[in-house]
Amino acid sequence: FQNDGLNKNGNISRGISFGNNQDVVVNSNLNLQVSGKLTPEIDMVLAATDNNIPFQADGTTAQLQEFDKVYMQLNNITTKLVVGDYQLSRPQNSYFMSFYKRAQGAYLENNYLDSAAKKPVLFKTQVAGAVSRGKFSRQIFFGTENNQGPYRMKGADNEPFIIILSGTEKIYIDGKLLQRGQENDYIIDYNTGELTFTAKQIITKDKRIVAEFQYAERNYARSLFFFGEEIQTKKSSVFFNVYSEQDNKNKPLQQTLSQQQKNVLIAIGDTLDKAVYTGVETAEFNNSDVFYRKVDTIVNTILYNNVYVYSTDPDSAKYRLKFSNVGAYKGNYNQISSTANGRVYQWVSPVGGIPQGSFEPVIPLVTPKQNQMLTGGFTYSITKNNSLNAEGVYTKNDVNRFSRIDKCNDEGASLKVTSKNQSILITDSLKNQTKFIYNVGYEFLQQRFKQIERFRSIEFDRDWNRPLSSVLLNDQNIANAELGLVNMRGSALTYCLNVFNEGNNYQGIRYNAVAKHQFKTLTTSYVGSFLTTTDNLNLQNTEFYRHKSLVSQRVRKVKLTYSDDFENNLFKRSTDKTLLPRAYQFWEWEGSISNADSSKNNIKLFYKERRDKLAYGDQLKDSTFATNIGLQTSIYSIRNNPFTVLVTYRKLELRNVVGTFLKPDNTVLSRLEYNLR
C-alpha cells in the first residue's frame with residue numbers, strides 16, 4: 001500500500017464538567033478523518049467520530065458534522081464501496097420509490113460501459129444492505145400567533161417523546177422548503193424533538209407547517225435491502241429497483257414478548273388497535289408497590305364490573321396494575337395526586353357511553369412490520385424534442401408479521417405514463433429560443449398501494465381540497481394535459497388541465513395557468529388555478545380559486561416590488577348548496593422598496609396586509625385583519641464590521657370572531673447580527 005498519498009487529520013479532546021447540582025463528569029471526543037490514494041487506482045475516504053456529549057449533532061447550523069459516525073469509502077473511476085454509516089436516498093429514475101434513510105451497513109455502486117457493440121450501453125448498478133436506524137414520520141400543523149417555538153415533533157404513532165435522527169428533517173412553510181441554521185430559517189433540537197423558527201420566518205396563525213423526518217425507533221431489529229439497475233443507450237433507458245425494509249419478529253429490542261403476548265398478536269391480524277395485553281396481575285401485598293382492589297360499581301343505574309380502586313388493605317388489595325396513556329377520552333382512568341410510593345390512577349365513570357379518562361390498565365404491543373416495493377420502467381426519446389416515460393410499481397405492506405390473518409389486502413400496484421414534447425418556433429440565438437410545449441400524463445394508484453415516504457408534491461392534498469392525511473378509499477386516476485409557450489429568457493405562457501377521480505367517492509377538475517414575462521427592468525408573473533370537486537363521501541362540493549402574482553420594476557438604483565396571494569375556497573353542502581364552516585377566503589399583498597444592487601449593501605423596506613374571511617351562516621365575512629411592516633438591512637461595506645438588522649412589527653385585529661382562542665395582538669420580532677473582525 002502507498003501511504004504517501006494519505007491525508008490524515010482530526011482531534012481528540014478531554015473535558016471536565018461540574019456544577020452545583022451535578023457530579024463531576026469527564027467528557028471525551030474523537031474526530032478522525034483520512035483521505036487520499038490507497039493505490040494508484042483506488043481512492044479512500046475514512047471518517048471515525050465519537051462524541052458522547054452531545055450524542056447527536058447540534059441542529060443550529062446549516063452544515064452538520066458527522067457525530068458518532070464511522071465509515072470507509074473506497075472508489076475508483078467506475079466503482080464506489082461504502083462500509084459503515086451512510087445515507088441511502090431515492091433512485092433518480094423512479095417517481096414512486098421515494099425515501100431517505102440513515103443506515104449502517106454496506107453500499108456498492110458500479111458503472112460499466114459496454115462499448116464492444118456498435119451502440120455503447122451503460123450499466124448502472126446499486127446494491128445496499130444495512131440496518132435501518134430510523135422510522136419516517138410526517139407531521140402537519142398550523143403555527144400559533146406570536147410563537148416562534150419550540151414546537152414539539154411526534155412520532156408516526158403519536159409517540160410524544162422521540163429522538164430525531166440528525167440531518168433527516170425537511171421543514172416546509174406554505175409549501176416552501178426551509179433551510180436549517182441559526183442564520184437561516186429554523187433550528188432544531190434533535191434530542192428533544194423541538195423545532196424553533198428564527199426571525200426570518202415570522203410564525204402566525206396562518207402558516208401551514210409540514211415536518212418530515214426520521215426518528216429513532218428500536219422496537220425490533222430492522223434491516224434494509226436495496227437493489228437498482230439501469231441500462232442506458234443513446235435514445236433510451238430501462239430501470240429496475242427493489243426496496244425491502246422489515247422488522248425481525250424474533251429479535252425484539254425495547255420490548256420482551258411472552259408467548260401469551262405473541263399469541264395476542266397472532267390472533268389480531270391487521271387490527272392494530274387490539275395490539276394490547278392486560279396490565280393487571282395478582283401479587284402478594286407489600287408496602288413498596290401500589291396495589292388495587294377490584295369492585296363492581298353502579299353509576300346512574302348502570303352497573304360497571306371489574307373497576308380497580310387504589311387500596312392499602314392487605315386483605316383486598318391483591319392487584320398490581322400497569323397503566324398506559326391511550327389518549328384523551330379513550331380510557332377510563334386518570335392519574336391523581338397521592339402520597340403513595342408511585343403513581344395512582346382513579347376510575348372515572350363514562351358519560352353517554354364515552355370514556356372520560358386517558359389511561360387504561362393495558363400494555364401496548366408493537367407489531368413487527370415489513371414494507372416492500374418493486375418498480376420498473378423506461379424512458380425513450382422518440383426525437384430530440386419528444387420523449388415517453390413509463391413506470392410501474394408493486395408494493396407489499398405487512399403491518400403484523402406475526403399473524404397470517406388479513407393478508408389479502410397487503411399487495412398493491414400503480415402506474416405512471418408521461419409524454420413530454422416541444423417544438424422550436426423561433427430561434428434568435430442559442431440563448432433566445434421560443435418553444436411550444438405539449439405534454440400529457442396519466443397516473444393510476446391502486447387503493448392498496450403503500451408508499452415508503454411521500455412521493456407527491458408537498459401540497460398535493462391541499463391542491464385538490466382533500467384531507468391533509470387522506471387515506472385511499474378507492475383506486476385513484478389522475479390525468480393531465482399541458483400546452484404552452486416558453487422562452488429561454490424567462491417568459492412563459494402555459495395552460496394545464498388536470499382531472500382527478502377516486503371511484504364514486506371523489507371527482508375533481510383543476511385548471512392551471514402560468515404567465516411570466518421578463519423585459520429589461522420589468523418582471524411580471526402570475527400563477528393561478530381553479531378547482532371544482534364533488535365529494536360524495538362527505539356530501540359536499542367545492543370551488544377553489546387562487547393565484548399568486550408579482551410585479552417588479554427597477555428604476556435606476558431602486559427596485560419596486562408588488563406581490564399578492566389570494567385564495568377563495570368555497571365548501572358547499574351538496575344537497576342544498578349552503579356554505580360549510582370550512583369555507584374561507586384570504587387576500588395578502590405586500591409592497592416593498594429595496595436597492596437594486598445588493599453586492600455591498602442590501603436594504604429593504606416592506607409593508608404587508610392580510611384580510612381573512614370565514615363562513616358565518618351562508619356568507620363569508622371578515623374574520624381577521626393583519627398588517628406587517630418591516631426593515632431588512634445587511635451592511636457589508638464597512639470594512640471588518642458587517643452587520644445585519646431585521647425588524648418586523650405585526651398587528652392583528654379581530655372582526656366578527658366569536659368563541660375562539662384568538663385575541664388582538666401586537667408583535668415585534670427583531671434580529672441583530674454583528675461580526676467584529
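Quick note: numbers below take in every heavy atom, side chains included, and nothing from hydrogens, waters or symmetry partners.
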Pair Thr624-Lys205, side-chain donor/acceptor within less than 3.5 Å: yes

How about NZ on Lys450, more than 12 heavy atoms from neighbouring residues, nucleotides or ligands closer than 6.0 Å, or not? no

Could you tell me whether Arg90 sits above the aromatic face of Tyr100, with NZ or CZ closer than 6.0 angstrom to the six-membered ring centre and within 45 degrees of the axis? no

Is the backbone of Leu165 close enough, under 3.5 Å, to the side chain of Glu169 for a donor and an acceptor to pair up by distance? no

Could you walk me through whether Ile452 and Met97 pass the side-chain contact (heavy atoms from CB on, under 4.5 Å) test, one step at a time? CA-CA 7 Å; Ile452 304 172; Met97 187 176 287; 4.1 Å; yes

So, using side-chain hydrogen bond (donor to acceptor under 3.5 Å, both in side chains) as the criterion, who are the partners of Tyr333 when residues are at least two apart? none

Verify, without hydrogens or angle tests, whether Asp475 (side chain) and Gln446 (backbone) share a donor-acceptor contact under 3.5 angstrom. no

Working to the nearest 0.5 angstrom, can you tell me the gap between Gln246 CD and Arg222 CZ? 9.5 Å

If you measure from the Lys or Arg side-chain nitrogens to the Asp or Glu carboxylate oxygens, is any gap between Asp410 and Arg448 under 4.0 Å? no

Given Glu411 and Gln372, is the side chain to side chain donor-acceptor pair (under 3.5 Å) satisfied, shown in steps? CA-CA 9 Å; Glu411 300 178 1; Gln372 297 177 319; over 6 Å; no

Residue of the set Lys416, Glu391, Glu443 for which side-chain hydrogen bond (donor to acceptor under 3.5 Å, both in side chains) holds with Tyr95: Glu443

Under 30°, 30 to 60°, or over 60°: which ring-plane class applies to Phe197 and Tyr151, parallel, tilted or perpendicular? perpendicular

Salt-bridged, Lys200 to Asp185, with N to O below 4.0 Å? no

Under a 4.0 Å threshold between the charged nitrogen and the carboxylate oxygen, would Glu590 count as salt-bridged to Lys604? yes

Stepwise, does the side chain to side chain donor-acceptor pair (under 3.5 Å) test hold for Thr667 with Asp665? CA-CA 6 Å; Thr667 304; Asp665 193 30; 3.1 Å; yes

Side chains of Gln540 and Ser574, donor plus acceptor under 3.5 Å: no

Within the distance-only criterion (no hydrogens, no angle test), does the side chain of Ser324 pair as donor or acceptor with the backbone N or O of Val362 below 3.5 angstrom? yes

Test ring pair (Phe, Tyr, Trp, His ring centres under 6.0 Å) on Tyr649 and Tyr607 and set out the steps. CA-CA 10 Å; Tyr649 170 69; Tyr607 175 80; over 10 Å; no

Would you say Asp398's side chain and Asn400's backbone share a donor-acceptor pair under 3.5 angstrom? yes

Between the main-chain N or O of Gly167 and the side-chain N or O of Tyr190, is there a donor-acceptor pair closer than 3.5 Å? yes

Between atom CG of Leu497 and atom CG of Asn480, what is the distance when rounded to the nearest 0.5 Å? 8.5 Å

Can a donor-acceptor pair be found, under 3.5 Å and without considering hydrogens, that links the side chain of Tyr616 to the backbone of Asn656? yes

Output for pair (Lys274 NZ, Ile268 CD1), nearest 0.5 Å, gives 8.5 Å

Asn465 and Thr533: side chain to side chain donor-acceptor pair (under 3.5 Å), yes or no, with the steps? CA-CA 8 Å; Asn465 261 346; Thr533 70; 5.0 Å; no

Any chance NZ of Lys516 has more than 12 other-residue heavy atoms, nucleotides or ligands included, within less than 6.0 Å? no

Over 60° means perpendicular and under 30° means parallel, so classify the ring planes of Tyr506 and Trp464, tilted if in between. perpendicular

Got a sec: does the CG of Asp174 have more than 12 other heavy atoms crowding it under 6.0 Å? yes

Are the charged groups of Glu194 and Arg152 less than 4.0 angstrom apart, N to O? yes

Test side chain to side chain donor-acceptor pair (under 3.5 Å) on Asp565 and His547; report intermediate values, then the result. CA-CA 6 Å; Asp565 188 356; His547 75 253; over 6 Å; no

Is there a donor-acceptor pair closer than 3.5 Å between any side-chain N or O of Ser132 and the backbone N or O of Ala103? no

Can you tell me if Ser137 uses its side chain to pair, donor with acceptor, with the backbone of Lys154 under 3.5 Å? yes

Salt-bridge present (Arg133, Glu217; N to O < 4.0 Å): no

Spatial distance of atom CG (Leu177) from atom CD (Glu212) [nearest 0.5 Å]: 9.5 Å

Test of ring centre spacing under 6.0 Å for Phe99 and Tyr243: yes

For Glu673, which residues count as a side-chain hydrogen bond (donor to acceptor under 3.5 Å, both in side chains) partner, sequence neighbours excluded? Arg671

Tyr345 meets the ring-ring contact (aromatic ring centres under 6.0 Å, His included) criterion, sequence neighbours left out, with Phe323, Phe359

Does this structure show an ion pair linking Arg456 with Asp463, if we count only N-O contacts that are shorter than 4.0 Å? no

Cation-aromatic face contact Arg655/Phe625, 6.0 Å, 45 degrees: yes

Side-chain donor-acceptor pair under 3.5 Å between Asn504 and Asn474, yes or no? no

Which of Asn568, Leu614, Asn569 passes side chain to side chain contact (heavy atoms under 4.5 Å, CB included) with Leu620? It is Asn568

Not counting sequence neighbours, which residues clear side-chain contact (heavy atoms from CB on, under 4.5 Å) with Tyr329? List them please. Gln356

Cut-off 3.5 Å, side chains only: do Asp576 and Thr578 have a donor facing an acceptor? yes

Once you measure the plane-to-plane angle for Phe566 and Tyr545, does it fall in the parallel (<30°), tilted (30-60°) or perpendicular (>60°) bin? tilted

Taking C-beta and beyond as the side chain, do Glu245 and Lys101 meet within less than 4.5 Å on heavy atoms? yes

Where do Asp564 and Trp587 land on the side-chain contact (heavy atoms from CB on, under 4.5 Å) test, with the steps shown first? CA-CA 7 Å; Asp564 82 326; Trp587 180 45; 3.1 Å; yes

Let me confirm one number: the CG-CZ distance from Leu195 to Arg180, rounded to the nearest 0.5 Å. 11.5 Å

Qualifying salt bridge (Lys or Arg N to Asp or Glu O under 4.0 Å) pairs with a residue from residues 359-373, counting only residues at least two apart or across chains: none

With side-chain contact (heavy atoms from CB on, under 4.5 Å) as the criterion, how do Tyr215 and Glu159 come out once you've worked through the C-alpha distance, each side chain's angles and the decisive distance to 0.1 Å? CA-CA 10 Å; Tyr215 66 99; Glu159 301 97 321; 3.0 Å; yes

List in chain and number order the residues that pass side-chain hydrogen bond (donor to acceptor under 3.5 Å, both in side chains) with Gln139, two or more places apart in sequence or in another chain; answer none if no residue qualifies. none

Donor-acceptor pair, distance only, cut-off 3.5 Å: does the side chain of Asn371 make one with the backbone of Asn397? no

Under 3.5 Å: donor-acceptor pair, side chain of Thr367, backbone of Val399: yes

Between Glu145 and Lys663, is the closest basic N to carboxylate O distance under 4.0 Å? no

